[in-house]
Each structure stands twice: as structure tokens, then as C-alpha cells.
Amino acid sequence: MPYDLDKRLVIGVASSALFDLREADAVFREKGEAAYRRFQEAHLEDPLRTGVAFPFLKRLLQLNSLSPVGDPLVEVVIMSRNDPDTGLRVMRSIAHHGLDITRAIFRAGRSPYEFIPALNIALYLSADDAAVRSAVDAGYPAGRVLESASEDDDRDELRIAFDFDGVLTDDAAEQVFQQSGDISAFHASESQQMTETHPEGPLLPLLRALSRIQQAERDRCETDSEYRRRLFVSIVTARNAPSHERVVNSLKAWQVNVDDAFFLGGIEKGRIMKVLKPHIFFDDQTTHLLGTSRYAPSVHVPFGALNREIIKQP
């Protein structure tokens with residue numbers, strides 16, 4: 001029977017997000033494709049250093065211990081612009097680091113994002129800004145990993161944090177503030193729509209899949225008194241009261257759960273990341289991510305009108 005992806009959380013990841021490819025990329029940019037091929041072949045036995053998304057994906061794959069062997073909750077697929085030959089080092093590095101990743105797409109210089117719906121992918125991660133923007137413009141869930149100064153810890157706990165507007169919902173509410181420049185107008189609009197569920201945003205399917213895994217953990221806790229939860233999800237948003245209530249109502253309507261919510265009202269998000277230390281944080285605004293990336297692996301989701309305006313600027 002075919003391997004069914006429909007009920008699994010599927011993550012597509014570029015090798016540039018999983019590993020540190022700065023040295024190899026420099027060879028490609030400065031010396032060309034032939035030199036890059038020679039470099040990768042010469043270093044075939046040298047494992048690549050871990051990249052920004054590695055801590056997140058390592059822990060996410062470990063949650064497959066909740067499911068029977070051969071029927072994992074999580075599947076990670078490599079989606080690479082390498083060809084199969086130059087991609088060998090990536091696959092050997094995966095084996096070296098003990099990651100249970102066996103499926104890959106190599107596209108020989110072309111972006112693989114077009115295969116996101118075919119593989120039921122809930123999140124595509126890459127360090128390639130153009131590829132991520134193309135994926136988001138096509139309506140697919142994607143994010144660009146930013147360079148981060150954060151260091152991994154030795155705990156098996158997985159902490160994931162999301163911004164709300166432009167990430168879990170669309171940017172309609174955000175546009176009210178952007179167009180008026182008046183926070184009171186934003187709060188008034190959200191208060192009037194308090195009972196109306198927000199539209200779905202690009203990463204809501206990811207949160208839904210994570211909620212299913214959290215339910216699997218709760219089920220395990222009921223049958224195994226020694227089991228301790230490993231997956232924790234937070235929302236970290238610039239909203240504050242009274243606009244927080246529509247967020248809570250929307251989460252209920254979407255039938256998803258979060259462990260923590262930080263309604264910051266403009267407080268710099270990096271202050272929270274320094275303490276929360278998530279293994280990945282998703283936000284649609286680079287101005288927020290410049291502060292968070294010092295303390296947490298951070299991902300830019302270039303969704304919505306604000307990001308389209310930024311890309312138009314000279």
C-alpha cells in the first residue's frame with residue numbers, strides 16, 4: 001500500500017535550514033558550480049554542522065515515540081536545490097546526526113516548493129528568501145530561518161512559539177492598525193468582532209497538527225504515570241487587552257490548544273524569548289525577529305500586505 005501522509009504532520013526542510021551551509025555556499029557563489037561539486041565530493045565524509053532548524057526538527061521527530069513503529073506522527077522531507085550527487089553529503093550528515101529522515105526531493109538548481117501540496121506539507125523551512133516568498137505567494141505555508149545566536153540545550157522538551165496576526169490568522173486585523181496608525185481603532189475593531197472567528201492564517205494547519213500530537217501526549221499520560229509531556233506551544237503577540245479576547249475565542253473555535261499566551265502590547269518580544277527559550281519562533285515581521293533571533297531560532301513568515309509593501313521598496 002502507498003505510504004499515507006494525510007494524517008501525519010509533514011515538514012519540508014531545505015538543507016540550508018537544517019544544516020550550516022555557509023562554507024559550501026561561499027564556494028558556490030565565489031567559484032561556481034564546478035568548484036562547489038568538487039568541494040562537496042572532497043568533504044563527503046565530513047558531517048555538516050547543525051543549522052537553525054535542527055533543534056526543532058530533532059525534538060519533533062523524537063515525538064514519534066508516541067506512535068507505533070512504522071506509523072509515525074511526524075514526517076520530515078528534505079527539499080533541496082541540490083542534485084542527487086551534491087545532495088549525498090546532506091543525506092550522510094542526516095545519518096551522522098541520527099535523524100530519522102529518509103525521504104528527499106533534489107531539484108538540481110530549481111526550488112522544490114511546488115511539491116508542498118503534493119506531500120501534504122504543513123511547513124516548509126528554508127534560508128532562501130526568494131524560495132520562501134514564492135511559496136507564500138502561491139498560498140503555501142513557508143518560513144525563512146534567520147541566523148541565530150541562540151544555543152541548543154540538552155533537554156528533550158520541545159518549545160514552539162507563534163506570533164498570531166499574519167501567522168496563525170491572516171493580516172486583516174493588522175491592516176486596521178497599519179492603515180489608521182491608531183491602536184485605539186484596532187482595539188475598537190477587534191472588540192466589535194470579539195465573537196467572530198479569525199480567518200485561517202498560513203501556519204494554522206501546523207498548529208492543528210501540533211494539537212493532535214499534544215492530545216497523543218495527554219492520552220499517554222493517562223496510561224503511563226511516568227510519562228512527562230515534551231511538547232509545549234506558546235503564542236507571543238503584540239496584542240493586549242481588549243483585543244486578546246478574540247484571539248482566545250478563535251483558538252476555541254479552531255479547536256486548538258496552547259500552553260502559554262503572552263499579550264505584550266508592544267513590549268519587545270526578545271525579552272520573552274530570553275526567558276521562554278523556544279526552539280523555534282514564527283513571526284511575520286522582521287522588526288520583531290531582529291530582537292528574538294538573539295535568544296531563539298527565529299523564522300520569518302513573509303505573509304500579508306506589510307511584507308508585500310516591504311518587497312516593493314527600492
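Side chains included, hydrogens not; waters and symmetry mates left out as well; all remaining heavy atoms used. Fair warning: this is a prediction, and the values are worked out from it, not measured in the lab.
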- Query: Can you hop from Ile78 to Ile280 via hydrophobic side chains spaced under 4.5 Å?
  - Reply: yes

- Do the side chain of Thr169 and the main chain of Asp165 share a donor and acceptor less than 3.5 angstrom apart? no

- Angle class for the Tyr113/Tyr140 ring planes (parallel below 30°, perpendicular above 60°, tilted otherwise)? tilted

- Query: For Glu147, does the CD atom have more than 12 heavy-atom neighbours from other residues, nucleotides or ligands under 6.0 Å away?
  - Reply: no

- Take atom CD of Glu196 as the centre, draw a 6.0 Å sphere, and report whether it contains more than 12 heavy atoms from other residues, nucleotides or ligands. yes

- Message: Side chains of Met79 and Ile121, heavy atoms from C-beta outward: is any pair under 4.5 Å?
- Response: yes

- Query: Do the non-hydrogen side-chain atoms of Arg230 and Leu158 ever get within less than 4.5 Å of each other?
  - Reply: no

- Query: Given the rule in the side chain to side chain contact (heavy atoms under 4.5 Å, CB included) test, do Asn82 and Ser15 qualify, once you have shown the distances and angles that lead to the verdict?
  - Reply: CA-CA 9 Å; Asn82 282 293; Ser15 51; 3.7 Å; yes

- Pair Lys31-Arg38, side chain to side chain contact (heavy atoms under 4.5 Å, CB included): steps then yes or no: CA-CA 11 Å; Lys31 299 181 180 179; Arg38 291 193 297 270; over 6 Å; no

- Query: Hey, is Arg59 close enough to Asp152 for a salt bridge, meaning N to O under 4.0 Å?
  - Reply: yes

- Query: Under 4.5 Å between any side-chain heavy atoms of Ser150 and Phe281, yes or no?
  - Reply: no

- What about Tyr3 and Val10, same hydrophobic cluster or not, with Ile/Leu/Val/Met/Phe/Trp/Tyr joined at side-chain heavy-atom distances under 4.5 Å? yes

- Query: On the ring face of Phe186, is Arg239 found with NZ or CZ under 6.0 Å from the centre and within 45° of the axis?
  - Reply: no

- Message: Looking at Arg212, I'd like to know if its CZ atom is crowded, meaning that more than 12 non-hydrogen atoms belonging to other residues, nucleotides or ligands lie closer than 6.0 Å.
- Response: yes

- Under the 3.5 angstrom rule, does the side chain of Glu174 hit a backbone N or O of Gly166 as a donor-acceptor pair? no

- Message: Using a 6.0 Å cut-off, check whether atom CZ of Arg49 has over 12 heavy atoms from anything other than its own residue.
- Response: no

- Mind checking whether Leu99 and Leu119 sit in one hydrophobic cluster, side chains of I, L, V, M, F, W, Y counted as touching below 4.5 Å? no

- Task: Would you check if Val90 and Ser80 make a side-chain contact, meaning some heavy-atom pair closer than 4.5 Å?
- Result: no

- Does Phe303 offer a backbone N or O that forms a donor-acceptor pair with the side chain of Asp171 under 3.5 Å? no

- Task: Using only heavy-atom distances, determine whether the side chains of His96 and Glu45 contain a donor-acceptor pair under 3.5 Å.
- Result: no

- Query: Just checking, is any N or O donor in the side chain of Gln285 or Asp163 under 3.5 Å from an acceptor N or O on the other one?
  - Reply: no

- Message: Tell me which pairs pass salt bridge (charged side-chain N to carboxylate O under 4.0 Å, His left out) where either residue lies in residues 134-146, with sequence neighbours left out.
- Response: Asp129-Arg144

- Query: If only atom types and distance count, is the side chain of Arg133 paired as donor or acceptor with the main-chain N or O of Pro302 below 3.5 Å?
  - Reply: no

- Residues in side chain to side chain donor-acceptor pair (under 3.5 Å) contact with Arg107, at least two apart in sequence or another chain: none

- Message: Does the plane of the ring in Phe282 sit parallel, tilted or perpendicular to the ring in Phe162? Use 30° and 60° as the thresholds.
- Response: parallel

- Query: Taking a hydrophobic cluster as the set of Ile, Leu, Val, Met, Phe, Trp and Tyr residues connected by side-chain heavy atoms closer than 4.5 Å, whether directly or through intermediates, do Leu61 and Leu66 fall within one such cluster?
  - Reply: yes

- Message: Looking at Asp20 and Arg22, would you say the former's side chain and the latter's main chain have a donor-acceptor pair under 3.5 Å?
- Response: yes

- Check for a donor-acceptor pair, side chain of Arg92 on one end and backbone N or O of Leu44 on the other, with a separation under 3.5 Å. no

- Hey, is Asp283 close enough to Lys269 for a salt bridge, meaning N to O under 4.0 Å? yes

- In terms of heavy-atom contacts, does CZ of Arg271 have more than 12 from other residues, nucleotides or ligands at under 6.0 Å? no

- Linking I/L/V/M/F/W/Y whenever their side-chain heavy atoms sit closer than 4.5 Å, directly or via other members, would Met273 and Ile160 fall into one cluster? no

- Query: Any Lys/Arg nitrogen of Asp153 or Arg155 sitting under 4.0 Å from an Asp/Glu carboxylate oxygen of the other?
  - Reply: no

- Message: Please determine whether a side-chain nitrogen of the Lys or Arg among Arg37 and Glu33 lies less than 4.0 Å from a carboxylate oxygen of the Asp or Glu.
- Response: yes

- Distance-only, no hydrogens or angles: does the Ser126 side chain make a donor-acceptor pair with backbone N or O of Val132 under 3.5 Å? no

- Do Asp170 side-chain atoms and Gly201 backbone N/O form a donor-acceptor pair below 3.5 Å? no

- Task: Say whether, by atom type as modelled, one donor and one acceptor occur between the side chain of Gln214 and the main chain of Leu231 under 3.5 angstrom.
- Result: yes

- Under 4.5 Å between any side-chain heavy atoms of Leu63 and Glu217, yes or no? yes

- Would you say the side-chain atoms of Ser148 pair up with the backbone N or O of Ser293, donor to acceptor, closer than 3.5 Å? yes

